[in-house]
Amino acid sequence: MNMYEPLDQTFFEAPVLELAKRLVGQLIVHETPNGLIVARIVETEAYHGPEDRAAHSYGNRRTKRTEIMFDEPGYVYTYQMHTHTLMNVVCGPRGIPHAVLLRAAEPVEGLHLMQENRGEKLKMKDWTNGPGKLSKALGVTMHYYGHRWTEQPLFLAKGSETLEIETGPRVGIGNSGEAVHYPWRFFEKDNPYVSKYRP
DNA sequence: GATTCGATTCTA
DNA sequence: AGAATCGAATCA
């Protein structure tokens, strides 16, 4: 079919901070009806479940939305915010609701499809440099809630080694007390597709 | 009704 | 650079 092989389940079995860091540089592969779309992850954020005020699962909050985070690592957690879909990788052993948000990636294959999904007028740099933009460019919707990142047609594959990974505070979580400052955002140094930081 | 792990389009 | 606007899901 294509040359991309899904990552093994064991890849996801790691502490959430380590997984978030490890995900930078890996590939998101989406086999769409119109063709293959591949993007290389350049930015992630870790969400530390019960003790993290910025997490949806803070205090073990268990709702229809957060339910999937209580399952095994490797599930797709998508959720809708405003008009956008955001993609997460479920982490932590079963019962521990950790997750990693995929914030940005650089286009690798299926460029014309991404441009189609994002609009002809936009510069390539603006296709995938934010979590909502990334989902739209890849054609990922709420349909994939509960899918596994190890299975077609949407999966993660081994990417290239990253040059250098930097850390910093997470984006858009202003009202989260001390958690605001935690350096749980991971991104590749000097990569132009990293999202713009907004305080 | 208010808030949220955003994005786009306007105004300047 | 900043304000205005969009509006799904969730929680008060």
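Chain letters run A, B, ... following the sequence lines, proteins first and then strands; every chain starts at 1.
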(message) In whole Å, I'd like the distance from the CD atom of E43(A) to the C1' atom of dC5(B).
(response) 11 Å
(message) Rounding to an integer number of angstrom, what distance separates dG7(C) and dT3(B) when you compare their C1' atoms?
(response) 13 Å
(message) Applying a 4.0 Å non-hydrogen cut-off, can you work out what T63(A) is touching in the nucleic acid: base, sugar-phosphate, or nothing?
(response) sugar-phosphate
(message) Can you tell me if H82(A) is stacked onto the base of dC6(C), using a 5.5 Å centroid cut-off and an angle below 30°?
(response) no
(request) Check the distance between dT10(C)'s C1' and Y79(A)'s OH and give it to me in whole angstrom. (result) 12 Å
(message) My understanding is that only residues two or more places apart in sequence, or in another chain, count here; which of them pass ring pair (Phe, Tyr, Trp, His ring centres under 6.0 Å) with Y77(A)?
(response) Y79(A)
(message) Over all strands shown, is L101(A) touching base, sugar-phosphate only, or nothing at heavy-atom distances under 4.0 angstrom?
(response) base
(message) Rounded to whole Å, please give me the gap between OH in Y58(A) and P in dT4(B).
(response) 14 Å
(request) For R53(A), report the nucleic acid contact type (base, sugar-phosphate, nothing); a contact means any heavy atom under 4.0 Å. (result) nothing
(request) Consider the side chain of Q80(A), meaning its heavy atoms from C-beta on, and name the nucleotide among dC5(B), dA9(C), dT10(C) that approaches it most closely. (result) dA9(C)
(request) Check whether any side-chain heavy atom of D52(A) lies under 4.5 Å from a side-chain heavy atom of R170(A), and answer yes or no. (result) yes
(request) Could you tell me the separation between the CD1 atom of I68(A) and the C1' atom of dT10(C), rounded to a whole number of Å? (result) 18 Å
(request) May I ask you to decide whether K189(A) forms a salt bridge with E164(A), counting only side-chain N to carboxylate O separations under 4.0 Å? (result) no
(request) Only one of L86(A), T141(A), N88(A), T85(A) passes side chain to side chain contact (heavy atoms under 4.5 Å, CB included) with T78(A); say which it is. (result) T85(A)
(request) Report the distance from atom CG of N88(A) to atom C1' of dT4(B), rounded to the nearest whole Å. (result) 14 Å
(request) Check whether any side-chain N or O of H56(A) sits under 4.0 Å from OP1 or OP2 of dT10(C), and answer yes or no. (result) no
(message) Expressed as a whole number of angstroms, how long is the span from M81(A):CE to dT5(C):P?
(response) 18 Å
(message) Less than 4.0 angstrom between a side-chain N/O of R65(A) and OP1 or OP2 of dC11(C), yes or no?
(response) no
(message) Rounded to whole Å, how long is the line connecting atom CZ of R118(A) with atom P of dG6(B)?
(response) 14 Å
(message) Whole angstroms only, please: what is the OH-C1' distance between Y77(A) and dT4(B)?
(response) 11 Å
(request) Counting heavy atoms from C-beta on, name the nucleotide in dT8(B), dC5(B), dA7(B) closest to the side chain of Y47(A). (result) dC5(B)
(message) Just to verify, what does N117(A) make a side-chain hydrogen bond (donor to acceptor under 3.5 Å, both in side chains) with, not counting sequence neighbours?
(response) none
(message) Is K133(A) close enough to dT8(B) that one of its side-chain N or O atoms is under 4.0 Å from OP1 or OP2 there?
(response) yes
(request) For residues H84(A) and P131(A), determine if any side-chain heavy atom of one lies less than 4.5 Å from a side-chain heavy atom of the other. (result) no
(message) What I want to find out is whether E5(A) reaches K158(A) closely enough, with some N-O distance under 4.0 Å, to be called a salt bridge.
(response) no
(message) Do Y47(A) and L134(A) sit in one hydrophobic cluster, given that two such residues count as connected whenever their side-chain heavy atoms are within less than 4.5 Å of each other, even indirectly?
(response) no
(request) Would you please confirm or rule out a distance under 4.0 Å between OP1 or OP2 of dC11(C) and any side-chain N or O of R61(A)? (result) yes
(request) Using a 3.5 Å limit on both pairing distances, list the dot-bracket string of DNA chain C from the 5' end; Watson-Crick and G-U wobble pairs count, crossing pairs take [ ], interstrand pairs take |. (result) ||||||.||||.
